[in-house]
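Just below is one structure, and these are the notes that go with it.
Computed from a predicted model, the values in this text were never measured in an experiment. Order of the sequence lines fixes the chain letters, A, B, ..., with proteins taken first and strands second; residue numbering starts at 1 for each chain.
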Number of protein chains: 2
Amino acid sequence: MQQVELTKALYRAFFHEWAEQGFAALSLERVAARAGAGKAAIYRRWSGKLQFADEAINTLALKMAAFEDKGSLDADVRAFHLRLRTVLRHPLVRRILPDIHAEAARLSEMKAISERVAQARREEASKIIERSIARGELPQTLDRSVALDFLPSSIYWRMVVIKNTLSADELELHAKGTTAALRALSSSH
Amino acid sequence: MQQVELTKALYRAFFHEWAEQGFAALSLERVAARAGAGKAAIYRRWSGKLQFADEAINTLALKMAAFEDKGSLDADVRAFHLRLRTVLRHPLVRRILPDIHAEAARLSEMKAISERVAQARREEASKIIERSIARGELPQTLDRSVALDFLPSSIYWRMVVIKNTLSADELELHAKGTTAALRALSSSH
DNA sequence: TGTGGTTGAAACGGTACCGTTCCAACCATA
DNA sequence: TATGGTTGGAACGGTACCGTTTCAACCACA
């Protein structure tokens, strides 16, 4: 009977090592040591690093809390950005998420994980777009795919790529710019 | 007298290994083997991985060709996006660039490299913004920092984070949305 | 030609880490 | 209590890789 507490400790250690070393250099021996375990405990649960990562990611609440309807596109975008900023500030997330993206360019299994992470977020983002269309704020002909690019991208760029903080004023500007971008889009097909 | 051709071969090998393995897992022994060299050739030139990376990045033409003035914000943004798409399609760039960003979250020396890479691009991007202000298309009070977030971010998100291609039509929409975002910004200070 | 210095592939000695094995401890069952 | 099975830390045998050393080849200069 595997110990549930040990499995949890292993997941915690795995995330910490992932954040510190990156996936490529992550050592299962160090994960085991960090969790106060031996490697057999890891190999009895997972066949290797990729499966460990895959299932570690699964333990996270990938399903974001549903966004409540704020009543307008502006307000919805602001709320989405605020939450995204909060997520991207987390010390583990802000190191692991870009590492997933980098690794996804090298490893197809990691690409699959990256897509799964993105999918959950995209579903919630889509609701914002669809609600806005239903309210008549955005056109029915909106290119959803490009709209979904605009929704998170400027915040991601600022916090993950440039690695600068985002003040409340800047967050406001980002929401304003993003909303304007969404309004400017319409399908060209 | 160190052989110039060997130094070049080492840089080429380094970039290839970086793209394939990521910086964290990059092995100087493999770089040497790939270049048909021994490790002493590496250690006589560079003290280790970080210095090698630092100087390898320096060998690239970081100074982008200056953007010629296309006459309007729309056209400038379109041209900027087109070039960014081209750059991000390069098989080495699309693997190394996100890896730099991921590593920058772990290693301060890599953060310095990442900032240097970004700086060259930001200078050219700034010129687009300043020209547009000079033409009267954008307000003098524009928040430059947020504007510079919007300029590359949707393309980066699409190509590097989501890892999907960008058609010509979509590129057009991205430029349209980005331009609208820039127009919507004005400083709140 | 002899001398001194530089260069770089191959070898070296040592460590980290891999996946596997060992075996004591524990649990369930007859 | 005895038996069989599971679990997991420690040890194992092997490989990759590190930074350093060796030494043949080469160059420049007197």
Calculate the interatomic distance between [X] atom [atom1] and [N] atom [atom2]; express it in whole Å.
X	N	atom1	atom2	value
B/Gln3	C/dG8	CD	C1'	8 Å
A/Leu6	D/dG8	CG	C1'	8 Å
B/Leu26	D/dA16	CG	P	17 Å
A/Trp46	D/dT7	CH2	P	13 Å
B/Gln2	C/dT7	CD	P	5 Å
A/Ile42	C/dT20	CD1	P	13 Å
B/Glu29	C/dG14	CD	C1'	13 Å
A/Leu28	C/dC18	CG	P	5 Å

Does the side chain of B/Leu97 come within less than 4.5 Å of B/Val117's, by heavy atoms?
-> yes
Evaluate the side-chain proximity of A/Val31 to A/Arg12: yes if any heavy-atom separation is below 4.5 Å, no if none is.
-> no
Compute the ring centroids of [X] and [Y], then answer whether they are less than 6.0 Å apart.
X	Y	value
B/Phe80	B/His174	no
B/Trp46	B/Tyr11	yes
A/Tyr156	A/His101	yes

Would you kindly compare B/Arg45 and A/Ser47 by the position of their nearest DNA chain C nucleotide and give the one closer to the 5′ end?
-> B/Arg45
Touch check for B/Gly36, heavy atoms < 4.0 angstrom, all strands: base, sugar-phosphate only, or nothing?
-> sugar-phosphate
Smallest separation among heavy atoms of A/Met110 and A/Leu50, with atom names = N-CD2, 4.4 Å
Qualifying residues under salt bridge (Lys or Arg N to Asp or Glu O under 4.0 Å), relative to B/Arg131, sequence neighbours excluded | B/Asp69, B/Asp76
Has A/Ser27 got a side-chain N or O lying under 4.0 Å from the OP1 or OP2 atom of C/dC18?
-> yes
Could you list all N or O pairs between the protein and nucleotides 20-27 of chain D that sit under 3.5 Å apart?
none

